[in-house]
Structure formats: C-alpha cells, structure tokens
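The next block holds one structure in the form of structure tokens; read it before the comments.
Quantities reported herein were computed from a predicted structural model and do not represent experimental measurements. So you know, we letter chains A, B, ... as the sequences are listed, proteins then strands, and number each from 1. Scope of the values below: all heavy atoms of this structure, side chains included, with no hydrogens, waters or symmetry mates.
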There are 2 protein chains.
Amino acid sequence: MARAATTSDAFNAIAEPQRRDILALLRAGERPVTDLAQELGMSQPQASKHLRVLREVGLVQVRGAGRQRLYGLDARRLRPVHEWVGGFERFWNESFDRLDSYVQDLKQAQQEE
Amino acid sequence: MARAATTSDAFNAIAEPQRRDILALLRAGERPVTDLAQELGMSQPQASKHLRVLREVGLVQVRGAGRQRLYGLDARRLRPVHEWVGGFERFWNESFDRLDSYVQDLKQAQQEE
DNA sequence: TTGACGTATGCCGATATGGGCATATGATGT
DNA sequence: ACATCATATGCCCATATCGGCATACGTCAA
C-alpha cells in the first residue's frame, strides 16, 4: 500500500527537505512562488507542487495578489509534531550515559572477537 | 527520483505512523520484535522491517538476548527534529490572530461573491 | 483582443514504499 | 544433529513520490 499519502499529515509533509526549506523561508514573510523557487534553486513547477502539499496539510496559506500568489506560513499544524517529538525529550537527555556506555561495551566486545 | 530514502533521516523515519507507534512503545523499555508486532497489530515481518528502518536511522538500538532481539529506544536523533520544529514555535503562538482573522475575512469575501 | 507574466496542472519515467507471503538465518534446548 | 522458537530477508504487487517538461489557466496592461 505504499506510504501514507504525503498529503495526509504534517509529519509526512515535513519529511521532504525541500518542503522544510520552504517553510523555513516563509518565516521571513509571505512570498510568491517564483521567488521561492529561485531562492531554493528549484523549478517553478516543483515549487508549486511542494506548496500544494503544504497547503493541503494546512502548513501554508495562499493569498492572491494581482497575478501573484503569496504563500504564507501557518505553523499551527506543527505544534502537535513538536509535542509528539517532545514526548521523547527525557530520553535524549537523561539516562543515555547508560546507553552510550552500553554501546561502547558492545563495540569493544566486537573488536575483541 | 522519488522521495529521499526513508532510511536517510529521522524526519522520514517518523513520517510513518507505525514507526511512531513503535517508538512510543519503546519508551516503556526494551522489547522483542514479536511483542511489538502483537501489541501494534502488525505482522512480524512488518515489525522487523520498520525496526530495521529505525535502526538504520539510529532511532533504535538492538541487543541480542538469547534467541530474542531486544529493541530499545535511542532518541538522540529526535533532538534535531524537535529543534527544527521548535524554530516555528513563535509562529503558532504569536500573531495568529492576525492570520485567523485574515482567513475569516477571506471566507466571508468568497461567500459574498 | 491580444500578449506577457505568474502560476498550476497533466503526463511520463525512475524509484521507493509498505504489506503479504514464503523462507532463510540464528540461537536454544534435547 | 535436530526440532523449535524468534527474527530477518527476499520477492511480488499496488501505489505514491519527486523531477522534468509542456502546457493550460488566470490576471493584468496595452
């Protein structure tokens, strides 16, 4: 069944590096498509496609301005992501000396074989 | 060129819901494959495959324990993810009244046409 | 209207994905 | 050596992905 549609949730949307770049750029403010494409070194169609995904998951809002379409950040859907990942915070802070030393032991054991 | 290999980074690894479930379960401690598979209602091969991905991106560590293989969480690679997403925090807190009201205006404008 | 600009879409190709299934591999106990 | 339990792999399928390219669409100016 292949991967869940990229368009389904924020986790999938930000799995793509170029889309992360777009979002990062948009923190500076709204931008037209061509602008983004150029700045990120991608073709205009590619930019449009990525923006479409971002729009569909609600990470971005569009606004028509003359012949241009200004895309703006809508980060609200990133909050659940942040919270989910944050649920692991204590695991990368606390108690990884244990894991680390365990991994070290493992490596040593392997070398000694 | 299709999507960047799922195996390439944590962002891709956690884009898959089942893998997120696995990681969440592992917060409770190490677990053998079959255990995880059963608890999450997936086949053993599927569990093994997801675990492989997680292992390859370094989100999980394995340890042989008799005939079993105990998988344990290694959340360190989630930290960069958390930080990247955290970079948008002010955008989902501050200044979204603006966006909200803007969106409202938009909808109204469309209805009135 | 016509043309120019900005953007979205459709189609194609190459590749990656996740799931099912059968089976190979590994370790254990007899 | 052998049967058994626990996992990992390989193969196949259906589908989704991203990229390139051509082109349709929408808006504005002359």
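One atom, CG of A:L54, and another, C1' of D:dT17, lie 15 Å apart when rounded to the nearest Å. If you measure from atom CD of B:Q18 to atom C1' of C:dG20, you get 13 Å, rounded to the nearest angstrom. In this entry the distance linking CG of B:N12 with P of D:dC18 reads 10 Å, nearest Å. A:R20 places its CZ atom 12 Å from the P atom of D:dC18, with the value rounded to the nearest Å. The interatomic distance linking B:E30 (CD) with D:dA6 (P) rounds to 17 Å, in whole Å. Atom pair B:I22:CD1 and D:dT7:P shows a separation of 13 Å (rounding to whole Å applied). Nucleotide C:dA27 holds its P atom 15 Å from the CZ atom of B:R63, rounded to whole Å. As rounded to whole Å, 12 Å separates atom P of D:dA8 from atom CD of B:E56.
For the pair B:H50 and C:dG19, the criterion of a side-chain N or O lying under 4.0 Å from OP1 or OP2 is met. The side chain of B:Q46 places an N or O atom within less than 4.0 Å of a non-bridging phosphate oxygen (OP1 or OP2) of C:dG19.
A donor and an acceptor atom, one from each side chain of A:T34 and A:Q38, are nowhere located under 3.5 Å apart.
Residues B:D9 and B:V57 share a closest heavy-atom pair of O-CG1, 3.8 Å.
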Under 3.5 Å between N/O atoms: give me all the protein pairs with nucleotides 10-12 of chain C, atom names plus distance.
{"residue": "C:dG10", "atom": "O6", "partner": "A:K49", "partner atom": "NZ", "Å": "3.1"}

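A single hydrophobic cluster is not seen to contain both B:L70 and B:L59; linkage of ILVMFWY side chains at heavy-atom distances under 4.5 Å, directly or through other members, places them apart.
With hydrogens and angles disregarded, no donor-acceptor distance shorter than 3.5 Å links the side chain of A:R19 to the backbone of A:I14. Here the side chain of B:R69 pairs no donor or acceptor atom with the backbone of B:G64 at under 3.5 angstrom. Judged by distance alone, with hydrogens and angles left aside, the side-chain atoms of A:R20 form no donor-acceptor pair with the main-chain N or O of A:A13 at under 3.5 Å.
Of the inter-residue distances, the one linking B:I22 atom CD1 with B:E16 atom CD reads 8.5 Å to the nearest 0.5 angstrom. Rounding to the nearest 0.5 Å gives a distance of 11.0 Å between CG of B:L36 and CD of B:E30.
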When you look at A:R79 and B:F88, which way does the side chain to side chain contact (heavy atoms under 4.5 Å, CB included) test go after all the steps? CA-CA 9 Å; A:R79 188 175 183 168; B:F88 293 83; over 6 Å; no
Can you give one letter per nucleotide of nucleotides 2-7 of chain C, going 5' to 3': B for a protein heavy atom under 4.0 Å from the base, S for sugar-phosphate only, - for none? --BBSB
